[in-house]
**Q** 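Following this message is one structure expressed as structure tokens.
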Amino acid sequence: MPVLVMKFGGTSVATLDRIRRAAKRVGVEVAKGYDVIVIVSAMSGKTNELVGWVNETSPLFDAREYDAVVSSGENVTAGLMALTLQEMDVPARSWQGWQVPVQTTSAHSSARIEGIPPTNINAKFAEGMRVAVVAGFQGISPEGRITTLGRGGSDTTAVAFAAAFEAERCDIYTDVDGVYTTDPRVSSKARKLDRIAFEEMLELASLGAKVLQTRSVELAMRYNVRLRVLSSFEEPSDEAGTLVCAEEDIMESNVVAGVAFSRDEAKMTLVSVADRPGIAATIFTALSDAGVNVDMIVQNIAEEGRTDMTWSCPTNEVARAEKAMADAKVDSVINYQELIADTDVAKVSVVGIGMRSHTGVAAKMFRVLSAEGINIRVITTSEIKISVLIDRKYVELAVQALHDAFELEKAA
């Protein structure tokens with residue numbers, strides 16, 4: 001039998017009624033002749049509740065016990081989904097991560113999948129099981145302990161299973177009906193995309209679009225897993241949702257595929273740091289060791305042996321960055337005048353594989369922002385994206401203006 005992977009997020013399994021609705025979708029695919037692997041998240045709100053209990057019990061918790069507690073939400077959903085399918089006369093069985101096994105690293109709360117042997121599940125398929133309901137977000141370490149993959153890890157679980165079982169497709173069911181050119185809550189002209197390339201989706205996910213977890217898109221691109229994002233609240237059809245696929249599977253696309261934004265950004269500048277070989281490595285090694293996720297980086301022209309170094313990072317990591325730089329200064333590793341943190345900025349980006357072969361995208365983007373009176377603080381570019389930092393109060397205006405200027409409401 002061909003294999004199909006179906007993943008249901010927390011909102012899609014938030015109640016018993018929604019689990020029944022999801023189970024009916026699974027039953028439709030079984031009737032088409034698929035063996036189905038269903039990946040489930042915890043019921044909506046349950047993971048936050050479990051995390052809260054851990055923090056209340058032990059603020060300086062043991063990460064191994066954190067994983068043991070937090071992973072339990074998916075176990076409940078998997079069991080309920082399997083029971084629901086059995087009530088529909090669909091041969092189903094629930095699987096926890098250790099039973100598959102989903103082999104991971106030992107990095108508790110942020111483990112990475114190292115392997116998914118298909119032997120156990122395939123043996124049950126051969127015996128007549130039609131649906132394996134797998135608890136997402138979890139695995140087992142080499143030491144035999146339960147691990148979790150980080151928030152949103154069920155997306156990664158689903159793609160990893162699709163790769164391991166050479167699935168025909170991986171369907172991600174969520175509370176939106178696909179990938180849009182931008183957030184429909186910001187621009188009423190946002191258009192649902194029928195298809196989007198892996199690279200575009202990876203950039204959009206990393207730049208603020210919250211439809212898919214970044215790691216899941218990376219995996220899909222590496223193993224060429226065809227992903228489909230669709231709503232669990234709409235009637236199913238073969239044309240529903242957005243297909244995330246290889247660039248060669250897309251006939252034509254707009255130069256710009258979408259506009260992404262992130263409000264939770266901060267701009268940090270080290271003023272008058274010594275300009276010498278290795279200084280950038282020293283600064284960003286210290287930030288990395290402190291767990292600061294740096295994005296945009298700009299170094300000013302040196303004057304009299306001193307320079308300024310600017311970077312962006314999430315606002316909730318500013319305190320860690322400040323401590324890392326202060327510690328480095330005390331230890332005389334880095335000599336600088338002051339560290340300035342601006343937490344009132346936002347990042348806006350345009351993304352599109354068409355930018356590889358078209359000129360003038362940057363010029364057009366900058367003209368549009370200038371016409372709206374929006375000052376650009378920092379600029380970074382790659383082959384298929386241009387990102388700018390602007391004052392946060394202008395983020396919605398910038399997104400709407402760029403969406404209109406690049407006519408993203410129109411299909412290619």
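Residue numbers run from 1 in the order of the sequence given. Model, not experiment: these values are computed from the prediction.
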**Q** Flag yes if more than 12 heavy atoms outside Glu409 fall under 6.0 Å of its CD atom; otherwise flag no.
**A** yes
**Q** Side chains of Glu203 and Ser349, heavy atoms from C-beta outward: is any pair under 4.5 Å?
**A** no
**Q** Given Asp327 and Lys323, is the salt bridge (charged side-chain N to carboxylate O under 4.0 Å, His left out) satisfied, shown in steps?
**A** CA-CA 6 Å; Asp327 290 346; Lys323 185 178 186 305; 2.8 Å; yes
**Q** Is a side-chain donor or acceptor of Arg392 paired with a backbone partner of Thr343 at a separation under 3.5 angstrom?
**A** yes
**Q** CD/Glu200 to CD1/Ile353 distance, rounded to the nearest 0.5 angstrom?
**A** 4.0 Å
**Q** For residues Phe233 and Thr11, report the shortest heavy-atom separation together with the two atoms involved.
**A** CZ-O, 3.7 Å
**Q** Just checking Glu338: does its CD atom have more than 12 heavy atoms from other residues, nucleotides or ligands closer to it than 6.0 angstrom?
**A** yes
**Q** Count the heavy atoms belonging to other residues, nucleotides or ligands that lie under 6.0 Å from CZ of Arg112, then report whether that count exceeds 12.
**A** no
**Q** Which of these, Leu243, Val351, Leu204, sits in a side chain to side chain contact (heavy atoms under 4.5 Å, CB included) with Ile196?
**A** Leu204
**Q** What pair of heavy atoms forms the shortest contact from Ala321 to Val292, and how long is it?
**A** N-CG2, 3.7 Å
**Q** Please check: side-chain N/O of Asp35 versus main-chain N/O of Phe125, any donor-acceptor pairing under 3.5 Å?
**A** no
**Q** Please step through salt bridge (charged side-chain N to carboxylate O under 4.0 Å, His left out) for the pair Arg356 and Glu247, ending with a clear verdict.
**A** CA-CA 12 Å; Arg356 289 192 182 119; Glu247 183 178 341; 2.8 Å; yes
**Q** When Trp311 is tested against each of Thr269, Val298, Leu287 for side chain to side chain contact (heavy atoms under 4.5 Å, CB included), which residue passes?
**A** Leu287
**Q** Measure from the side-chain N and O atoms of Asp62 to the backbone N and O of Arg64, and report whether any donor-acceptor pair falls under 3.5 Å.
**A** yes
**Q** Using a strict threshold of under 4.0 Å (side-chain N to carboxylate O), is an ion pair present between Lys393 and Asp391?
**A** no
**Q** Is the shortest side-chain heavy-atom distance between Val348 and Val395 below 4.5 Å?
**A** yes
**Q** Identify which one of Val388, Ile376, Val259 satisfies the side chain to side chain contact (heavy atoms under 4.5 Å, CB included) criterion when paired with Met365.
**A** Val388
**Q** Could you check if a side-chain atom of Cys313 sits within less than 4.5 angstrom of a side-chain atom of Arg320, using non-hydrogen atoms only?
**A** no
**Q** Where do Arg130 and Met1 land on the side chain to side chain contact (heavy atoms under 4.5 Å, CB included) test, with the steps shown first?
**A** CA-CA 9 Å; Arg130 299 301 308 279; Met1 295 282 191; 4.2 Å; yes
**Q** I need the minimum non-hydrogen distance between Arg306 and Ser272, along with the two atoms involved.
**A** NH2-O, 2.7 Å
**Q** Supply the atom-to-atom distance Ile37 CD1 to Thr157 OG1, rounded to the nearest 0.5 angstrom.
**A** 12.0 Å
**Q** For residues Thr104 and Thr147, is any side-chain donor paired with an opposing acceptor at under 3.5 Å?
**A** yes
**Q** Is there a donor-acceptor contact under 3.5 Å from the side chain of Gln96 to the main chain of Ala135?
**A** no
**Q** Working note: Leu230 + Tyr173, criterion side chain to side chain contact (heavy atoms under 4.5 Å, CB included); need CA distance, chi angles, decisive distance, verdict.
**A** CA-CA 5 Å; Leu230 61 171; Tyr173 287 88; 3.6 Å; yes
**Q** Enter the distance from Leu219:CG to Ile113:CD1 here, rounded to the nearest 0.5 Å.
**A** 6.5 Å
**Q** Checking side chain to side chain contact (heavy atoms under 4.5 Å, CB included) for the pair Val256/Leu402: CA distance, chi angles, key distance, verdict?
**A** CA-CA 10 Å; Val256 172; Leu402 291 169; over 6 Å; no
**Q** Are the side chain of Gln299 and the backbone of Thr307 linked by a donor-acceptor contact shorter than 3.5 Å?
**A** no
**Q** Please round to the nearest 0.5 Å and tell me the distance separating atom NZ of Lys410 and atom CZ of Arg191.
**A** 11.0 Å
**Q** Does any N or O in the side chain of Asp331 come within less than 3.5 Å of the main-chain N or O of Val333, such that one atom is a donor and the other an acceptor?
**A** no
**Q** Once you round to the nearest 0.5 Å, how far does OG1 of Thr381 lie from CE of Met355?
**A** 8.0 Å
**Q** Answer whether the closest heavy-atom distance between the side chains of Phe61 and Asn55 falls below 4.5 Å.
**A** yes
**Q** Could you grab the distance from atom OG of Ser216 to atom CG of Leu202, nearest 0.5 Å is fine?
**A** 9.0 Å
**Q** Do Thr77 side-chain atoms and Gly73 backbone N/O form a donor-acceptor pair below 3.5 Å?
**A** yes
**Q** Closer than 4.0 angstrom, basic N to acidic O: yes or no for Arg185 and Glu396?
**A** no
**Q** Could you walk me through whether Asp342 and Arg377 pass side chain to side chain contact (heavy atoms under 4.5 Å, CB included), step by step?
**A** CA-CA 11 Å; Asp342 183 354; Arg377 306 284 202 88; 2.7 Å; yes
**Q** Verify the neighbour count for atom NZ of Lys189: are there more than 12 heavy atoms of other residues, nucleotides or ligands below 6.0 Å?
**A** no
**Q** Are side-chain heavy atoms of Phe8 and Ile19 found at a separation under 4.5 Å?
**A** no
**Q** Taking atom types as modelled and ignoring hydrogens, do the side chains of Asn75 and Gln138 form a donor-acceptor contact shorter than 3.5 angstrom?
**A** yes
**Q** Hey, are Ser109 and Thr148 close enough side-chain-wise for a donor-acceptor pair under 3.5 Å?
**A** no
**Q** Do you know which two heavy atoms are closest between Asn375 and Ile390, and how far apart they sit?
**A** O-CG2, 3.7 Å
**Q** So does Asp67 get a backbone contact from the side chain of Ser71, meaning a donor-acceptor N/O pair under 3.5 Å?
**A** yes
**Q** Say whether, by atom type as modelled, one donor and one acceptor occur between the side chain of Arg226 and the main chain of Ala167 under 3.5 angstrom.
**A** no
**Q** Which heavy-atom pair separates Ser41 from Lys7 by the least distance, and what is that distance?
**A** OG-CE, 3.6 Å
**Q** Lys364 side chain to Phe406 main-chain N or O, any donor-acceptor pair under 3.5 Å?
**A** no
**Q** How close do Ala111 and Leu149 get, heavy atom to heavy atom, and via which atoms?
**A** O-CD2, 3.4 Å
**Q** Is the shortest heavy-atom distance from the side chain of Thr242 to the side chain of Arg195 under 4.5 Å?
**A** no
**Q** Check whether any side-chain heavy atom of Ile283 sits under 4.5 Å from a side-chain heavy atom of Tyr336, and report yes or no.
**A** no
**Q** Do Ile297 and Phe284 have side chains that approach each other closer than 4.5 Å (heavy atoms only, starting at C-beta)?
**A** yes
**Q** Could Lys46 and Glu49 be called an ion pair, given the rule that one side-chain N must be under 4.0 Å from one carboxylate O?
**A** yes
